[in-house]
Amino acid sequence: MRLSRAFVPTLRQVPADAEAVSHKLLVRAGFIRQLASGLYLFLPLGWRVMEKIHAIIRQEMQRIGAQEMFLTVLHPADLWQKTGRWYEIGDEMFRLKDRTGRQMCLGMTHEEVMAWLASREIKSYRDLPQIWYQIQTKLRDEARPKSGIMRTREFIMKDSYSFDMDEEGLERSYQLHIEAYNRIFTRCGLRYYQVESDPGMMGGATAHEFMAPSPAGEDDVAICDGCGYKANVELAKSIPEGLQPQQWEFEEVHTPDRRTVQEVSEFLGIEPKYFIKSLLYFTDSRPILVLIRGDQDLQERKLQRAVGGPVRAASRQEVEQTLGVEAGFIGPHEQQIELIADESLKEGVFVSGANRPHYHVKGLRPGVHFNPRWADLHVAKEGDRCIHCGSPLRIERVIEIGNIFKLGTKYSEPLKATFLDEQGRERLIIMGSYGIGPARVMAAAVEQCHDENGIIWPISIAPYEVMVLPLNMNHPETVETSESLYNRLLSEGFETIIDDRPERAGVKFKDADLIGIPLQVVVGEKALQEGHVEIKVRKTGERFRVSPEKVPERLRELRDNLMPPIKN
RNA sequence: CGGGGCGUAGCGCAGCCUGGAUAGCGCACCGGCCUUGGGAGCCGGGUGUCGGUGGUUCAAAUCCACUCGCCCCGACCA
């Protein structure tokens, strides 16, 4: 490709509405443009990166026997009504009617359609197992699109679905996907973790996420370097800092105008971890008082799982109406409503609200003064102990680049996707679903691989492998050498772009670094006089002077070194 | 959905508080000269519904109301 004729609109200035590094760099380097909130166009360079990622995904999916198909974006509503998601999902689903008034929606994901297909076409155990996938546009009316292409309303997703006869089959399909995903993300040059995740509304029991560490991410994971335990903080378990035994007798203490743990802690000279925070929540059916240690935070996801449905925090007024006491002085002692407590409160003697304005109680003992239901409810924090091996946990910010779910029969049942087994009995197909967001892979790569000058693409997903820079287009020998190098590299199979614009050297250097092609071949007058050109490795900044004839050989070597450990 | 911010040339911004003459700066862009190893220099060129609508006023980019769009924090995220 010739840059002089390519559409690569680089920007010297950072767009005002970009915050995330990947967003800024991808816009500046001419890879993407924003059409509207959460809607991005992929320009030629950006689309080449996406296609590289797609190609790697295709190769690895085929490797595990998955078959690609192409479904629709427009779905009839009744499929979603059958599985109930039509009603469960709120504004995030784009809904519309066709000209005859039939309710439709735009696909956010394709479990329904895939299960529908399976229900019609798979009849016998002989048809199983199957893994079907597609690389397709999905639409979600996100409450808050953000960080460039990291969270958009229209996006491409690789989604695959496995269909098995039984749990063992599902486990096999699940493991195949883990294998494929490890190869895909490694080949894309990412640092990533596989972590336990919350199956959430997808239904089913087991789920994992593939997470690329980056400060621009939206999730946090807890990681144990001791035993390798890794989990999304939405469900990560941890053992908080221990307590010293206390001999406090049960007593009421006057705490005028001290409401928060912080205030009462300072007032009484007792550390926050000896406090019980009482938080009033409402489930669909009832109020529930949630007890958390003073130095801990409630993980609402865990609470939702524990009570088996959505929860919401009570407002100040609701606290007074329900409990008859102002928030700040409520506690578990002599409480009438249902209690649920974090397990870190099982052992110890605590301070909490007295359910009487301006008073707290000290010497509160679980099992003696209150009897809650126990559950793991606290947020795992940096430095907490691993529940498996006791090592300290660390918390890291990550971008979710892939996820895998064991669905079971959540979709096959309502859509009647069944098969006849060897005994002629009708049984439900067991499903799994597996996603990858190629645009997030792209964004994560930029987040992980860049410097102050621009992007440094992993060579496996770079839009081009080599960029030839003729520094002075008015110098015939420079042009001649560059052109012949360009043609030679192309014929030897290098994906090459030449910056043949009549620009000054500085501009070419800046753009080359910004765009981030891994290998640069710099053709300058001075070096040419001595009979060589210069190869620059974008990632390390290394420069090698080589004679033009040796360029392909040297580049091949450098390319091999830059290539991630797994190749096709 | 709650909180905050922003909308003036292709991009980045000043002007607005305290209303007034032709709306300005840098970059980009177009023509010319010059230059060619890290976003050069000189000369000439403005390409604008000041997001929109309504109002106040002799007069609105500027004040008021409504509205649309975009970003950030939180909630949500199948």
Side-chain angles (χ1 to χ4, degrees), chain A residues 9-20 23-24 27-30 33-40 80 83-93 105 107-112 138-148 150-153 155 157 159 197-204 207 209 216 218-219 232 234 300-301 304 310-313 315 400 403 405 407 410-411 433 435 437 440 452-454 469-476 478-479 499 501-515 520 522-529 533-534 536 541 543 545:
Chain A
T10 58
L11 261 33
R12 194 189 295 216
Q13 265 157 331
V14 185
D17 55 6
E19 191 88 359
H23 188 191
K24 289 180 187 168
V27 171
R28 273 196 63 207
R33 285 293 184 265
Q34 182 179 34
L35 176 64
S37 179
L39 296 176
Y40 280 84
W80 291 76
T83 62
R85 290 162 108 190
W86 180 264
Y87 312 103
E88 287 164 27
I89 296 167
D91 293 337
E92 213 168 326
M93 181 186 268
C105 63
M108 311 175 62
T109 174
H110 284 73
E111 279 80 10
E112 276 79 0
K138 308 274 190 259
L139 291 118
R140 295 179 191 173
D141 196 356
E142 289 286 350
R144 183 146 105 80
K146 58 177 289 198
S147 306
M150 210 103 82
R151 183 168 213 85
T152 54
R153 296 191 293 175
F155 57 99
M157 184 169 162
D159 49 324
S197 73
D198 181 3
M201 300 298 246
M202 286 293 280
E209 287 161 333
E218 300 180 273
D219 287 285
N232 191 312
E234 289 172 1
E300 284 194 10
R301 286 293 185 115
Q304 287 189 6
V311 297
R312 70 175 177 88
S315 69
E400 181 187 347
N403 53 40
F405 296 93
L407 296 176
K410 174 164 169 134
Y411 299 93
S433 109
R440 285 193 176 182
E452 62 283 359
N453 296 313
L469 304 181
L471 292 188
N472 183 355
M473 293 300 287
N474 293 322
H475 185 243
T478 296
V479 175
D499 188 351
R501 297 173 303 172
E503 289 287 353
R504 296 169 55 86
V507 174
K508 296 193 180 192
F509 285 132
K510 289 289 183 193
D511 271 347
D513 286 350
L514 177 61
I515 290 167
Q520 299 174 6
V522 179
V523 183
E525 258 177 279
K526 289 173 194 163
L528 260 190
Q529 274 158 21
V533 300
E534 196 172 77
K536 177 182 158 188
R543 291 159 193 269
R545 302 193 121 203

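For clarity, every value in this text was computed on a predicted model and none was experimentally measured. Order of the sequence lines sets the chain letters (A, B, ...), proteins ahead of strands, with each chain counted from 1.
Using atom C1' as the reference point in both B:U53 and B:A61, the two lie 16 Å apart (nearest Å). Across B:A28 and B:G12, the matching C1' atoms stand 10 Å from one another, rounded to whole Å. Of the P atoms belonging to B:G48 and B:C6, the separation is 26 Å, rounded to the nearest Å. Taking the P atom of each, B:C29 and B:G5 are spaced 36 Å apart, rounded to whole Å. Rounded to whole Å, the separation between the C1' atoms of B:A14 and B:U8 comes to 10 Å. On the P atoms, B:C11 is 27 Å away from B:G32, given to the nearest whole Å.
A:L514 comes within 4.0 angstrom of a base, heavy atoms only. When heavy atoms are screened at a 4.0 angstrom cut-off, A:R33 is found touching no nucleic acid atom at all. Nucleic acid contact for A:R312: none, since no nucleic acid atom lies under 4.0 Å from a heavy atom of the residue. Looking at heavy-atom distances under 4.0 Å, A:E112 makes no contact with the nucleic acid at all. Among the atoms of the strands shown, base atoms are found under 4.0 Å from some heavy atom of A:K536.
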Does the ring-ring contact (aromatic ring centres under 6.0 Å, His included) test come out yes or no for A:Y40 and A:H23, once each step is laid out? CA-CA 11 Å; A:Y40 280 84; A:H23 188 191; 5.7 Å; yes
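Between the side chain of A:E534 and the base of B:G37, a donor-acceptor pair under 3.5 Å is found. At a cut-off of 3.5 angstrom, counting only N and O atoms as typed in the model, there is a donor on one side and an acceptor on the other between the side-chain of A:D513 and the base of B:G38. Side-chain atoms of A:D511 and base atoms of B:G39 include a donor and an acceptor less than 3.5 Å apart. Applying the 3.5 Å distance criterion, the base of B:G39 shares no donor-acceptor pair with the side chain of A:E503. With hydrogens and angles ignored, no donor-acceptor pair closer than 3.5 Å exists between the side chain of A:R12 and the base of B:G38.
Map A:R140 and A:E525 each onto its nearest nucleotide of RNA chain B; the residue landing nearer the 5' end is A:E525.
Nearest heavy atom pair, residue A:R33 against residue A:P9, reads NH2-O, 2.7 Å. The minimum heavy-atom distance between A:M150 and A:R440, with the atom names listed, is O-NE, 2.7 Å.
Across all strands shown, B:C6 pairs with B:G69; the Watson-Crick or G-U wobble distances both stay below 3.5 Å.
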B/S/- along nucleotides 67-73 of chain B (protein heavy atoms under 4.0 Å) is ---SSBB
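In this structure, NE2 of A:H475 is placed 13 Å from C1' of B:G37, rounded to the nearest angstrom.
Looking only at side-chain heavy atoms (C-beta outward), A:T478 and A:E525 come within less than 4.5 Å of each other.
Checking B:G12, B:A40, B:G38 against every side-chain atom of A:K510, the shortest atom distance belongs to B:G38. Distances from the side chain of A:A143 to the nucleotides B:G37, B:C76, B:U35 place B:C76 closest.
Using a 4.0 Å cut-off between a side-chain N of Lys or Arg and a carboxylate O of Asp or Glu, A:K536 and A:D513 qualify as a salt bridge. A:R85 and A:E111 are joined by a salt bridge, as a carboxylate oxygen and a charged side-chain nitrogen come within less than 4.0 angstrom of each other. A:E92 and A:R140 are not joined by a salt bridge, as no carboxylate oxygen comes within less than 4.0 angstrom of a charged side-chain nitrogen.
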